[in-house]
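Note sheet for the following structure.
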2 protein chains.
Amino acid sequence: MNDSQATTRARRSPAADELRTWRNFIETTDELRSTLASRLQSESGLSTGDYAVLLALSDAENRTLRSSDLASTIGWARSRLSHHLGRMERRGLIRREEAQTDSRGAEIAPTPTGTEAFRAATAPHLHAIRELFIDALTPAQLTAADEIADALSAHLKEGVH
Amino acid sequence: MNDSQATTRARRSPAADELRTWRNFIETTDELRSTLASRLQSESGLSTGDYAVLLALSDAENRTLRSSDLASTIGWARSRLSHHLGRMERRGLIRREEAQTDSRGAEIAPTPTGTEAFRAATAPHLHAIRELFIDALTPAQLTAADEIADALSAHLKEGVH
DNA sequence: CCGATATAATTGATCTGTCAACTATAATAC
DNA sequence: GTATTATAGTTGACAGATCAATTATATCGG
């Protein structure tokens, strides 16, 4: 007759708890992301996309990367990168040059303005990450966060089943 | 004076580990979010924004909400909501009516099309959440995720210091 | 009632992200 | 060599998000 819930201990269903956890998790991480983005923007005039691009370039040999390599380094689709580079170029943060070895190609490098903007942005940005993420968690929680990310990532990568 | 190669930081520094954890965490949650969004989109033709709006309306008294109430329910700025409602209205998902008690106001309700789209979207969406988040984690990890979100959220809300 | 101010909602500008279509060059096959 | 296919990158159209400015109505102090 009574095959499941609602009779004895129907206080809170596990499914509802799980869904609450989901919403708590996704909404909080979203807020964290957007808070950090807006701090970076107001402190340095760079978006997180700008920062990712400039970081990859600053780590690269000769501070220069082929567009495709840059895209795969930061994990963006080429279209997205192309649009973004157009905006960054207009703002004088990067420049594009023809690749010598492959005339389809584009080599991307930061301008002095871009290099300086990145330099100035880095310390406050790292500070904000520490303040809003690392210092918000206990060491055990930080480890747990890393493991949770690994588990989610593994599950995502193995695709549907 | 010196190039950017690592010379004296040969050991794994705690700071570098923390930063790796940060990147792992933020990139993974981002990928999770976007995977879920694209599944919802392809399975039901709704964006996560559409879904949030229709969910709030479906939970509301008379399936109707004032625009401001809707905005605060789903945590959006009114401008963002207004633009989004314009798009949803054009697609025939919701309608806007003048509020009786306040002629500045707008009352938002789903159309039959919107109600049906929401109904059809819900089960697959909840299934995807289970598959990509809940089932990816052990019960202990799920609890830890909830606590991590609580900690981050508390830290965010207490603001800078 | 009147003027100041607060609230409700929209609008326009701009930046960002996605998708599909396109151009151009390189590489491979025949 | 030429046709085919792969690769590099750009473009246009559109959905989405943010910010500042704007319109219109409500409310409150006098």
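Naming: A, B, ... by sequence-line order, numbering from 1 per chain. Since the model is a prediction, treat every value here as computed from it, not as a measurement.
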Atom-pair distance ([atom1] on [X]; [atom2] on [N]), nearest Å:
X      : N      : atom1 : atom2 : value
A:D50  : C:dC15 : CG    : P     : 11 Å
A:R104 : C:dT25 : CZ    : P     : 10 Å
B:E107 : C:dT10 : CD    : P     : 12 Å
A:R33  : C:dT16 : CZ    : P     : 16 Å
B:E98  : C:dT10 : CD    : P     : 11 Å
A:L85  : C:dC15 : CG    : P     : 15 Å
B:E89  : D:dA15 : CD    : C1'   : 17 Å
B:E31  : C:dT18 : CD    : P     : 12 Å

Pairing of [X] and [Y] as salt bridge, 4.0 angstrom limit:
X     : Y      : answer
A:R91 : A:D50  : yes
B:R96 : B:E89  : yes
A:R66 : A:D102 : yes

Regarding [X], tell me which of base, sugar-phosphate or nothing describes its non-hydrogen contacts under 4.0 Å with the strands shown.
X      : result
A:R91  : nothing
B:S79  : base
B:S103 : sugar-phosphate
A:S67  : sugar-phosphate

Legend entry - Options C:dA8, D:dT10, C:dC15, nucleotide nearest the side-chain atoms of A:R90: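 Of the candidates, C:dC15 comes closest.
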
Inset, instruction - Identify, between A:G105 and B:H84, the residue whose nearest nucleotide on DNA chain D lies closer to the 5' end. - result: A:G105

Legend entry - First of B:R87 and A:S38 reached from the 5' end of DNA chain D, by closest nucleotide: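 By nearest-heavy-atom nucleotide position, the 5'-most residue is B:R87.
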
Inset, instruction - Check the geometry between B:H83 and C:dT11 and answer yes if their rings are stacked (centres below 5.5 Å, planes below 30°), otherwise no. - result: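 Base of C:dT11: stacked against B:H83.
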
Legend entry - Closest-nucleotide ordering on DNA chain C, the 5'-leading residue of A:A77 and A:T101: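 It is A:A77 whose nearest nucleotide is closer to the 5' end.
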
Inset, instruction - Would you please test B:V53 and B:L81 for side chain to side chain contact (heavy atoms under 4.5 Å, CB included) and show each step? - result: CA-CA 9 Å; B:V53 167; B:L81 180 60; 4.2 Å; yes

Inset, instruction - Could you please spell out the steps behind the side chain to side chain contact (heavy atoms under 4.5 Å, CB included) verdict for A:E107 and A:L65? - result: CA-CA 6 Å; A:E107 301 209 319; A:L65 280 175; over 6 Å; no

Inset, instruction - Output yes when at least one side-chain N/O atom of A:R78 is less than 4.0 Å from OP1 or OP2 of D:dA8, else no. - result: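 Indeed, a polar side-chain atom of A:R78 lies that close.
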
Legend entry - Under-4.0 Å side-chain N/O to phosphate OP1/OP2 contact, B:R80 with D:dA17: yes

